[in-house]
Amino acid sequence: MAQQASELFENFQQLSPAEFFRKNRQMLGFSGKITSLTIVFHELITNSIDAAEEAGILPEIDVELRKVENDKEHYILRISDNGPGIPEDYIMKVYCSMFAGSKFRNIQSRGQQGLGCSGCVLFSQMTTGKPARVISGYKKDGQLKGVKLKFHMDVEKNVGNLLEKDEIEVDRTGVSIELHLKEVNYSMSEQGAFEYIRRTMIANPHVKITFRDPTGHKYIFKRAADVVPVLPKEVLPHPKGVSADDIKNMAKNSDKRSYKSMLTSELSRMSAKRVEEIQELTRIDMKKRPRNMTFEEAETIVKCFETMKFMAPPTDGLIPIGDEQIEKGIRQILKPELVETITRKPVTYKGGVAFIIEAGIAYGGDAGRIVNAQKKSEIMRFANRVPLSFEKGSCAITQALESIDWKRYGIKDFENAPITLFVNMISTQIPYNSTGKQSIAPEPEILHEIRQSMMKLARKVERYLRKQRSKAEIEFSKS
């Protein structure tokens with residue numbers, strides 16, 4: 001007997017963002033024991049670096065990972081920083097609300113989804129049932145305040161549930177978070193948490209990280225630079241980089257009086273003269289109020305953009321690491337015989353999204369990685385200074401670098417060479433392959449820029465190796 005419609009929809013439910021990710025945690029990157037721990041390190045360390053930089057503070061981060069006695073799969077992670085701290089009213093919003101944050105802007109940023117810290121708290125709660133503990137020191141009305149909170153995440157409501165609160169004395173600003181974790185594994189492998197810290201230091205030479213591992217061994221990664229990076233600026237989207245839905249949403253939220261004023265104020269490289277051209281080509285009245293825009297009009301406007309020529313998008317909002325800083329980071333960690341770096345000029349992909357590729361190559365010393373007592377070549381991938389640890393094969397960086405004929409540059413056996421390749425992509429819109437943000441989509445323009453940058457560096461390595469061989473031959477002939 002067929003069911004009636006009312007019966008079919010009796011179990012109709014609406015999931016909160018937190019509940020959705022509780023059921024689909026692999027979308028946050030929590031898909032394996034080594035991967036899951038590295039993702040937690042990534043999210044919390046990135047958050048600490050961002051907070052310090054925005055306050056103009058040289059980041060200093062303490063990380064401690066210890067095992068719970070008599071339970072080899074149970075870890076406690078504590079990460080503390082010297083940033084500006086989080087005001088009490090915002091602590092549980094930061095750590096317990098999915099899709100909440102200050103990064104939903106068209107700006108070069110390490111993270112842009114509002115999932116990171118809250119995702120870590122959710123994962124901790126799912127695997128151990130233990131609450132999160134946060135200590136925050138912050139300034140309010142010129143006074144230093146301290147608060148200690150213990151809380152759970154209310155998954156159904158996507159908010160925090162406060163369990164304990166104490167006002168405490170602190171001697172500086174900053175945040176310390178403690179999470180219990182299971183279903184994770186600490187590893188020294190290429191995808192492990194230790195390697196994540198090591199690579200973070202290369203792309204962020206202004207950071208100091210102290211790390212105590214589960215064996216009690218203490219690693220101190222000293223900063224190689226004493227300058228806080230210039231903060232990137234928010235940039236307006238470019239006409240070539242928007243969709244009809246973007247324009248329709250822009251119109252819906254605009255406080256402007258006309259299509260003309262909306263387009264000129266909310267898109268880069270859009271002048272009053274260009275809007276007049278659009279009106280002539282589309283026959284759409286640009287004096288209409290934005291709230292009256294139809295989707296069909298938005299489609300027509302975007303199709304018109306495609307036929308027009310615009311200046312390239314502004315790039316003053318993109319802040320690369322810089323050749324000097326990359327070299328400092330590489331020398332501090334890898335201590336190579338040779339370092340070469342390059343920063344390419346800004347270009348665009350898909351016609352309207354600006355990006356910069358910067359690259360480095362290290363040869364000899366501690367460059368490369370040890371696998372079964374054999375030195376292997378190493379590719380370090382970054383997006384906006386953040387190491388990309390997983391999904392290596394699908395990433396544009398890997399594909400571009402592996403497509404290079406290294407024999408042309410005097411490296412006959414690239415796979416077993418003592419060499420490290422560094423590539424960082426800078427953009428307000430990194431085209432990630434998935435929500436895990438671990439690999440970059442192989443857009444043709446991105447592949448081209450990576451290849452060009454690394455081949456230019458490879459020619460310098462070729463000259464260096466040729467000189468080394470000549471010296472060796474001279475020494476041999478003398479003997």
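The structure displayed is predicted, hence computed values, not measured ones. Reckoned from all heavy atoms, side chains included, excluding hydrogens, waters and symmetry mates.
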Listed pairs under 3.5 Å, donor-acceptor, residues 129-145 side chains, sequence neighbours left out:
{"from": "S136", "atom 1": "OG", "to": "I86", "atom 2": "N", "distance (Å)": "2.9"}
{"from": "S136", "atom 1": "OG", "to": "I86", "atom 2": "O", "distance (Å)": "2.6"}

Any donor-acceptor N/O pair, [X] side chain to [Y] backbone, under 3.5 Å:
X    : Y    : result
H42  : P387 : no
T282 : I301 : no
N82  : L58  : yes
K240 : K350 : no
R381 : L388 : yes
D323 : T343 : yes
T307 : C304 : yes
Q279 : M286 : yes

query = Stepwise, does the salt bridge (charged side-chain N to carboxylate O under 4.0 Å, His left out) test hold for R199 with E190?
reply = CA-CA 10 Å; R199 296 188 180 194; E190 187 178 6; 3.2 Å; yes

If the threshold is 4.0 Å, N to carboxylate O, is there a salt bridge linking [X] and [Y]?
X    : Y    : result
K303 : E299 : no
E195 : R198 : yes
E88  : K165 : yes

inquiry  = Taking salt bridge (charged side-chain N to carboxylate O under 4.0 Å, His left out) as the definition, give me every residue that meets it alongside E306, ordered by chain and number, with sequence neighbours left out.
reply    =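 So E306 forms no salt bridge (charged side-chain N to carboxylate O under 4.0 Å, His left out) with any residue.
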
Would you check if [X] and [Y] make a side-chain contact, meaning some heavy-atom pair closer than 4.5 Å?
X    : Y    : result
I79  : S48  : yes
F382 : I321 : no
M92  : V159 : no
F355 : E443 : no
K437 : V386 : no

task = In sequence, state the C-alpha distance, the side-chain angles, and the governing distance for E324 and K328, and then conclude on salt bridge (charged side-chain N to carboxylate O under 4.0 Å, His left out).
result = CA-CA 6 Å; E324 182 180 347; K328 285 182 178 179; 3.6 Å; yes

Is the number of heavy atoms from other residues, nucleotides or ligands under 6.0 Å of [X] [atom1] greater than 12?
X    : atom1 : value
K182 : NZ    : yes
K288 : NZ    : yes
Y90  : OH    : no
K260 : NZ    : no

remark   = For P84 and I57, the nearest pair of non-hydrogen atoms, with its separation, is N-CD1, 4.2 Å

Does one side chain, of [X] or [Y], offer a donor that lies under 3.5 Å from an acceptor on the other?
X    : Y    : result
S389 : T38  : no
S80  : D62  : no
Q325 : H206 : no

query = Would you call the rings of F194 and F221 parallel, tilted or perpendicular, where under 30° means parallel and over 60° means perpendicular?
reply = tilted

